[in-house]
Each structure stands twice: as structure tokens, then as C-alpha cells.
Amino acid sequence: MTFSKHFKDLFKDVPEISYKGVDSKDPLSFRYYNPDQKVGDKTMAEHMRFAICYWHTLNWSGNDMFGSEIFSHPWLSNDISDIFEKAELKADHIFQMAQMMKIPFYAWHDRDVIAEGDTPKESVERLVKFSDYLLKKQEETGVKLLWGTANAFSNKRYSAGAGSNPNPEVFAFAASQVRTAMEVTHKLGGDNYVLWGGREGYDTLLNTNIAQEQDQLGKFMSLVVEHKHKIGFKGDILIEPKPKEPTKHQYDFDVATVYGFLKKYGLEKEIKVNIETNHAILAGHTMEHEIAMADALDIFGSIDINAGDYLLGWDTDQFPTDDLDMTKMMYYILKAGGLKKGGLNFDAKLRRQSCDVKDYLYAHVAGMDAGAHGLLSAHALLKDKVLDNFISERYKGWQSGFGKDILGGKLSLADIADKVENENINPQPVSGRQEMLEGMLNRYL
């Protein structure tokens, strides 16, 4: 492993991070994550497909709505005036951190990779030119691109949205950004391209035409899909649901809402979802609900793993370290057939008080270990068919006889009603055994 001089100085006292087993007391070691260990017919690395992200890992300076920047890491320095030199420094660090932690993928927004130019053309040229350096780093390290995306929400031009903006010129600017980001993703061999509608929503209906904005978004997504096929991109196109923040009500509220949108515009076979834990919480759901719903609707794609604080009402983007949460998440991922082109991207920020560079390593290692522990528990749970057997028994009435005839369309509403009245059908409640099942789940942790 070759380190840049900046990186070597920064982490000079950090030993190699490796799997040391459950008895290890070293916080910079893996107790559960052993990349080459087989779990079923795949290795842990193949199951998890972990990714490190540009934005929260390298681009966030620790500022929040009440406080200024707190992190002073080299790649955040304002002393570097050369745009490409600064971009190279960031790239060096993210690839080398990924290597240190045995993370096989990375992800980016276009403006994370290199700063926006003074004109649309200059912005395009910068990203295209710098993608050569990213390609070089991929070849040197073996770290691959999980997905790319365009940041069509931070700049003030997007204050009223991108694809849903009342101004068609803003729509067009976003289209230019997305085209370039998608083409660069394709060039870098990305497995997916994500569309996050950061401001595709509204704050008040007093100035909003919902039908108009929905049609605009439908057209935008259709154009993206059309371009995907035109350039021969074989990855998945993903939408990331989020119910609110920064707008009060966003159009991609949750998985079910996204599916309804895709269905309306005939895109349900073309676009899947990238689900984030904290977004699921903001929508009033659990992460396992959103994964199971995406699987049921056949639009499950990839995941941004983090954790939210149930006592706070905003997107805290914490690192996921709860073994029970990760077990439930991994259980429903396995039920969905596992991650195919998708992965587990650490869309997570350090807490502001965690201001040492080593905290990035502690955070990712803890999250990876929680994920691996969850995978082992979920795999055992599936293998023993503890929940599957109970659920099959609970729904068995629909697999034959009366229930099967109802679902098969053999009976009209009147036929069903007549049967109930003529045969005096008077069903009684049957226990769902929730507490028993929760207790059984805990035994697998």
C-alpha cells in the first residue's frame, strides 16, 4: 500500500486495521468483519459491499446551523489555491482511507470531487478532466466506484428545486450537471447512478403547482433514463427517498411514494431506490420497513447506512453502531436476495466533538463491525427459518381452498359474502406472538 506524504504524516501512528476476532479490545480492529469469511455462498466483502463517501467524510467541515467549522483537516484547508491540487489531495485521502479499512467502494457528488467553475462549461471540463485522476486512483488501489451523483441542491440557483423548479433554465442547468456526472460515472465503471432530489419539493402550497412540478420531474427522470441507454451505461439508476429537509415536503417522501411516482410516469422498470436509514426515520418508518417495501415493489437497489437520533427531528447522519438495528437491516437485505449492484454506503458524519482524524477510522470500523455482526445474526436467523416458518403458518389459509379462490379471482364479493352467511363463518383473533418473536430475534444477536 503506497501512501502520499500528506497521508503518511496524518496517520503515521495508526497500525494496520485487520480482523482480530471477538476477543479483541483494539478499537482499530475488526471483531466481526472478516472480508474473506464465507457467510452462506458469499464472502462478507461480497455481502456488504461497503463504500466510503466523499461528502460527509471529506467535505463536511463540522459546521451546523448553530456553529461554524470545527474540523481543520488538510483537505479542508483554504491555503490551497489550485483547484486541481486540492482535488487531488482529497482523492488521495479518501482512497487511502478506504484501503486502510478494506473498504472496496467509494461514492461522490460531482461538486465534492472538484469545485464548480465560473461557467457551466468550465464546471463540466473540470470534472471530466479530473476524472482521469480518479480513474488512476481506482487502478492503483483497486477501490471501485459504487455510484456518482450530481449535487443539484446546494447552489442558490436550486433554492426552488432542480427538475421541479418553476424556471426551465434551472431545469436545463441541472440536466447539464446530471449528464456530465452520469457520463463520468460510466467512464469510471460505477455500478449505479443516484438521483437525490435534495430540494425537489415545496415549503408552501401558496406558490406551488404540484401537478406541474410532478410532470417536470417525470420528464427529467425520463430524460435521464433515455441518456443512460444512449451512452450504454449498464448500472442502475436510483432515487433516494427523503420526506423533508431541506424543503418542508419533498416529492420523494418514502419508498412507496417513489414507486407511485415511477408507476405514473412508466419508469418502475427503469429506476430503483437508494434507501437511507435516517431518511426512513424522518418518514416515520424503520429501515427494515423501507427495505421490505422496496423488495415487495421490486425496486430495491442500494443503501446509505447511517443512524438517526429518535430524540431529534432532523437528519443527524450518525454512524450506524447498533447491532440490533443492523441485524434487522441485514435480515431484510438477505430476504431481498442481497445487494447486487448496490452496496452499503457510509452516508454518515462524525459528531462535531469527534474532531481528530483518527475518529474517521474509529467510526467506519465500528459501523463495519456492526454490519458484519448483523450479517452473521441475520444469516443464522434465515438459516433456521425462525421467522419464515411462523409467517408461513400465519398466512397458510391463503395458499389453498377459500383463500386461494379469493386471490385467484374465482369468487365475487357476493360469492364471498354468501359463503360467510351460509356457512356461519365467524373467525376469532389468532395471536401474532410479537413478544415471543422479538425474544427469539434477540437470541440471535
Side-chain angles (χ1 to χ4, degrees), residues 32-33 37-51 146 191-192 236 238-241 254-256 258-259 262 268-269 271-281 283 285-307 320 322-345 367-368 370-399 407 432-445:
Y32 294 99
Y33 183 60
Q37 179 182 336
K38 276 286 189 80
V39 180
D41 60 353
K42 294 180 181 178
T43 64
M44 277 195 176
E46 290 170 332
H47 274 295
M48 313 303 286
R49 290 172 59 86
F50 286 120
L146 182 66
D191 283 340
N192 309 272
D236 285 335
L238 309 174
I239 289 179
E240 184 166 324
D254 60 5
V255 168
V258 168
Y259 180 77
L262 295 176
E268 73 275 12
K269 301 297 183 186
I271 298 178
K272 298 180 181 180
V273 286
N274 181 60
I275 312 165
E276 180 181 312
T277 309
N278 208 160
H279 296 179
I281 293 169
H285 301 312
T286 61
M287 185 57 158
E288 59 267 27
H289 166 86
E290 290 289 81
I291 296 169
M293 182 63 75
D295 181 33
L297 297 172
D298 197 28
I299 56 170
F300 177 57
S302 192
I303 285 179
D304 278 4
I305 48 171
N306 55 28
D322 188 293
D323 286 359
L324 178 57
D325 285 346
M326 294 297 274
T327 295
K328 289 187 284 188
M329 186 183 79
M330 291 309 303
Y331 180 82
Y332 289 98
I333 288 174
L334 293 177
K335 289 281 287 182
L339 296 162
K340 299 176 177 68
K341 294 180 181 178
L344 301 180
N345 175 51
M368 293 167 75
H373 194 185
L375 172 66
L376 292 169
S377 301
H379 180 261
L381 199 59
L382 272 173
K383 185 178 179 182
D384 292 348
K385 298 185 176 180
V386 174
L387 301 182
D388 282 345
N389 288 341
F390 185 87
I391 291 172
S392 294
E393 177 66 20
R394 192 175 187 219
Y395 289 89
K396 70 178 183 180
W398 291 98
Q399 308 309 314
L407 289 181
R433 304 261 188 256
Q434 178 176 332
E435 294 79 9
M436 178 196 78
L437 295 170
E438 289 171 343
M440 292 176 72
L441 171 60
N442 286 339
R443 294 176 190 176
Y444 281 81
L445 298 181

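Computed from a predicted model, the values in this text were never measured in an experiment.
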Q: Could you give me the CA-CA distance, side-chain angles and deciding distance for Ile333 and Ile303, then say whether side-chain contact (heavy atoms from CB on, under 4.5 Å) is met?
A: CA-CA 10 Å; Ile333 288 174; Ile303 285 179; 3.4 Å; yes
Q. Between Met287 and Asp325, does a side-chain contact (heavy atoms from CB on, under 4.5 Å) hold up when you go through it step by step?
A. CA-CA 8 Å; Met287 185 57 158; Asp325 285 346; over 6 Å; no
Q: Begin from the C-alpha positions of Glu240 and Asp304 and carry the test side-chain contact (heavy atoms from CB on, under 4.5 Å) through to its verdict.
A: CA-CA 9 Å; Glu240 184 166 324; Asp304 278 4; 3.2 Å; yes
Q: May I have the step-by-step check of side-chain contact (heavy atoms from CB on, under 4.5 Å) for Ile239 and Leu262, ending in yes or no?
A: CA-CA 10 Å; Ile239 289 179; Leu262 295 176; 4.0 Å; yes
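Between the CG atom in Leu344 and the CG atom in Leu339 there is a gap of 5.0 Å [rounded to 0.5 Å]. Distance OG1/Thr327 to CG/Leu381: 8.5 Å, rounded to 0.5 Å. Atom OG1 in Thr43 sits 3.5 Å away from atom CD in Glu46 (nearest 0.5 Å). Taken from CG in Leu238 to CG in Asn192, the straight-line distance is 4.5 Å, to the nearest 0.5 Å. The NE2 atom of His373 sits 5.0 Å away from the CG atom of Asp323 when rounded to the nearest 0.5 Å. Considering CZ of Arg394 and CZ of Phe390, their distance stands at 6.5 Å, rounded to 0.5 Å.
Contact check for Leu375 versus Met48: side-chain heavy atoms found under the 4.5 Å cut-off. Contact annotation: the side chain of Ile271 never approaches that of Ile299 to less than 4.5 Å [non-hydrogen atoms, C-beta and beyond]. A 4.5 Å side-chain heavy-atom check between Lys335 and Asp388 finds at least one atom pair inside the cut-off.
Heavy atoms of other residues, nucleotides or ligands lying less than 6.0 angstrom from CG of Asp298 number 12 at most.
In this structure, Ser302 and Gly343 approach most closely via the heavy-atom pair OG-N, 2.8 Å. In terms of heavy atoms, Tyr259 sits closest to Glu268 at CE1-CB, 4.0 Å. Considering all non-hydrogen atoms of both residues, Ala294 and Ile275 come closest at CB-CD1, 3.9 Å. The minimum heavy-atom distance linking Glu288 with Tyr332 is given by the pair CB-CD1, 3.4 Å. Across all their heavy atoms, Phe300 and Lys272 have their closest contact at O-CD, 3.6 Å. When all heavy atoms of Met326 and Ile305 are compared, the pair lying nearest together is CE-CD1, 4.3 Å.
With Leu376 as the partner, the side-chain contact (heavy atoms from CB on, under 4.5 Å) test is satisfied by one option alone out of Met44, His47, Met330: Met44.
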Side-chain donor-acceptor distances from residues 434-445 under 3.5 Å, at least two apart:
residue : atom : partner : partner atom : Å
Gln434  : NE2  : Glu438  : OE2          : 3.0
Tyr444  : OH   : Asp384  : OD2          : 2.7

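A distance-only check finds no donor-acceptor pair linking the side chain of Asp254 to the backbone of Pro241 [under 3.5 Å]. With hydrogens and angles ignored, the 3.5 Å screen pairs a side-chain donor or acceptor of Asn306 with a backbone N or O of Asn278.
Between Phe50 and Tyr33, the two ring planes are perpendicular [angle over 60°; tilted spans 30° to 60°].
Ionic pairing of Asp191 and Arg49 is present here: one or more N-O contacts between side-chain nitrogen and carboxylate oxygen are shorter than 4.0 angstrom.
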